[in-house]
*Asks:* 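Structure in structure tokens, see below.
Residue numbers begin at 1 in each chain, while the letters A, B, ... track the order of the sequences.
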There are 2 protein chains.
Amino acid sequence: MSHFVNHFEENYLKELYKLGQKEIKKVNNIALAKAMELNPATVLEMVRKLTEKKLVALQPDKSIALTEKGRKKALMIVRKHRLWEVFLVNKLHYKWSEVHQLAEQLEHIDSEDLVNRLEEFLEFPAFDPHGDPIPDKNGKIKKNSSIALSTASKDKTYLVQSFADTADSFLDYLAALNIQPGTKIKIVDQLQYDNSFTLNINKKNVQVSQKVASNILVQPAT
Amino acid sequence: MSHFVNHFEENYLKELYKLGQKEIKKVNNIALAKAMELNPATVLEMVRKLTEKKLVALQPDKSIALTEKGRKKALMIVRKHRLWEVFLVNKLHYKWSEVHQLAEQLEHIDSEDLVNRLEEFLEFPAFDPHGDPIPDKNGKIKKNSSIALSTASKDKTYLVQSFADTADSFLDYLAALNIQPGTKIKIVDQLQYDNSFTLNINKKNVQVSQKVASNILVQPAT
DNA sequence: CTAATTTATTTGGTTGTCCAAATAAACTAT
DNA sequence: ATAGTTTATTTGGACAACCAAATAAATTAG
């Protein structure tokens, strides 16, 4: 009983957060019901309970908005979901396309401490296997002013910010190239033939594939 | 909804299995209700549903017995529980005393494949951090004809079967002493002072604590 | 500005897990 | 074997999440 009382609540909050992210238009009863494949009556009932709990606030225009408290909770669920995805992919060798279902279950495991330890065990990944940012324990999401190196301009110097792929093999490869957060990189050239890049790192030129470049997130160097 | 439909059922099956293990006397309604801290009426209702599903069979003497199907299910839950415990202790560095609650949640994650991968990731531990055996994917539990080395007789030769502790540090220690499944061990002496043991391994004598000896499971050598 | 449509809410009902209290059945001990 | 106790079952009801269908309110279109 006590274990999964919150599953429902958590799913509503998560869905509200997700809808809020992707759609600018207001999230109303109907939209939520449709997104969650539930009857509007059911959703309304639950939204009222969430309003009681100050997790959600009904706007004058009848749209449903997360309160700050609700947003925090939603972010913690997203955090858990994405960290478990990293675990499943990096440690249990699932493909990124297979992990969503499982993460939907694991995200409801109720322990702040567990998720923090998991994060440490995974060495604080900034992104999940799909490249979505992982909120930190305070709910802060790494602001993505960074761009993929593959979309950067030639001959300008960039600072490596993070990586969109957290696979061990990728990270090992980066380590071998001496690429880590903070590393300065300049695009020397891009080959027309296979879209691979010639990069200048620490005054040495190296060749990387388009895929690798797309998974290196950079900011313009100041 | 679909995610946790089985939580209740699973908890009943697990409890029945556990009671069946430790107590020889029949498991009746009252006993189950007491163990699960539920009202007998509730338990009776649920036991009927489980009977419908052929997971449980009511005996003539009104005791409740798991069917083969029910036992298999229960074993799979126990398997998940114990593997997650190993994960929590070995990988996330929880203490063995802290993991039960969390494992109670994790054991309900519904994926055969996940638990099999987890088992592989943990390198097929035979015992959980408490020393309880972990059923394999077919529900087979390593028969425990083995005894703790600490309870073995002096001057007889034993064969190491497995370990009741799966902590990395313990296993590292064992490796350093060249103790592994199959190793022949003879107890040379036990010190009265601290209950530590002098063991003969490969014709060399080593000294181990009472704790270490209690976590080494052995069988009499043929 | 009314009619048609969409959106929001209410009503009445189902299902699953749970309980307290009443009753029935089965032991237990003298 | 009968009173007393324990065990088993039934009854009636609570509560949470859900739904379909009816109604009410708001929006949009003509």
*Asks:* Are any of Thr42(B)'s side-chain N or O atoms less than 4.0 Å away from OP1 or OP2 of dT17(C)?
*Replies:*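 No.
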*Asks:* Within this structure, what is the CD-to-P distance between Glu10(A) and dA17(D), rounded to whole angstrom?
*Replies:*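 Spelled out: CD on Glu10(A) to P on dA17(D) is 12 Å.
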*Asks:* Which residue, Glu45(B) or Ile30(B), contacts DNA chain D at a nucleotide closer to its 5' end, judged by nearest heavy atom?
*Replies:*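 On the 5' side of the pair lies Ile30(B).
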*Asks:* Within less than 4.0 Å of OP1 or OP2 of dT10(D), is there a side-chain N or O belonging to Arg48(B)?
*Replies:*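 Answer yes for this pair, as a side-chain N or O of Arg48(B) is under 4.0 Å from OP1 or OP2.
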*Asks:* Tell me whether Arg82(B) contacts the main-chain N or O of Pro133(B) through its side chain, where contact means a donor paired with an acceptor under 3.5 Å.
*Replies:*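 Answer holds: yes.
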*Asks:* Does Tyr12(A) put a side-chain nitrogen or oxygen below 4.0 Å from OP1 or OP2 of dC18(D)?
*Replies:*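 Answer yes for this pair, as a side-chain N or O of Tyr12(A) is under 4.0 Å from OP1 or OP2.
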*Asks:* For Leu32(B) and dT9(D), give me the distance from atom CG to atom P, rounded to whole Å.
*Replies:*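 Answer to the nearest Å: 13 Å.
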*Asks:* Separation of Lys34(A) atom NZ from dT7(C) atom C1', in whole Å?
*Replies:*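 Whole-Å distance recorded here is 10 Å.
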*Asks:* Taking atom P of dT15(C) as reference, at what distance in whole Å does atom CE of Met46(B) sit?
*Replies:*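 Rounding to the nearest Å, CE of Met46(B) and P of dT15(C) are 16 Å apart.
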*Asks:* Between dA17(D), dC18(C), dG16(C), which nucleotide has the shortest distance from any of its atoms to the side chain of Leu38(B)?
*Replies:*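 Given the options dA17(D), dC18(C), dG16(C), the side chain of Leu38(B) is closest to dC18(C).
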*Asks:* Should Lys62(A) be listed as having a side-chain N or O under 4.0 Å from OP1 or OP2 of dA25(D)?
*Replies:*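 Negative; the distance criterion is not met.
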*Asks:* Phe8(A) has an atom CZ; how far is it from atom P of dT17(C), in whole Å?
*Replies:*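 Interatomic distance, CZ of Phe8(A) to P of dT17(C): 11 Å.
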*Asks:* For Asn11(A) and dA17(D), give me the distance from atom CG to atom C1', rounded to whole Å.
*Replies:*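 Rounded to the whole Å, the gap is 12 Å.
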*Asks:* Answer yes or no: are there more than 12 heavy-atom neighbours, outside Lys72(B) itself, under 6.0 Å from its atom NZ?
*Replies:*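 Count not over threshold, so no.
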*Asks:* Indicate, with a heavy-atom threshold strictly under 4.0 Å, whether Asn39(A) touches base, sugar-phosphate, or nothing.
*Replies:*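 Here Asn39(A) touches the bases of the nucleic acid.
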*Asks:* Sort out for me which residue in His81(B), Glu104(B), Glu9(B) forms a side chain to side chain donor-acceptor pair (under 3.5 Å) with Lys14(B).
*Replies:*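 For Lys14(B), the side chain to side chain donor-acceptor pair (under 3.5 Å) check succeeds only for Glu104(B).
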*Asks:* May I ask you to say what Leu44(B) touches in the nucleic acid, namely base, sugar-phosphate or nothing, with a heavy-atom cut-off under 4.0 Å?
*Replies:*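 Base, at least one base atom sits under 4.0 Å.
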*Asks:* Checking Lys26(B) side chain against Gln59(B) main chain: does a donor-acceptor pair fall under 3.5 Å?
*Replies:*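 Answer holds: no.
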*Asks:* Do the rings of His108(A) and His7(A) sit parallel, tilted or perpendicular, given the 30° and 60° boundaries?
*Replies:*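 Correct class here is parallel.
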*Asks:* Any side-chain N or O of Asn28(A) under 4.0 Å from OP1/OP2 of dT7(C)?
*Replies:*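 Asn28(A) to dT7(C) OP1/OP2: no side-chain N or O under 4.0 Å.
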*Asks:* Mind calculating the distance between CG (Asn29(A)) and P (dC18(D)) to the nearest angstrom?
*Replies:*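 Rounded to whole Å, this separation is 14 Å.
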*Asks:* Rounded to whole Å, how long is the line connecting atom NZ of Lys26(B) with atom C1' of dA26(C)?
*Replies:*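 Rounded to whole Å, this separation is 9 Å.
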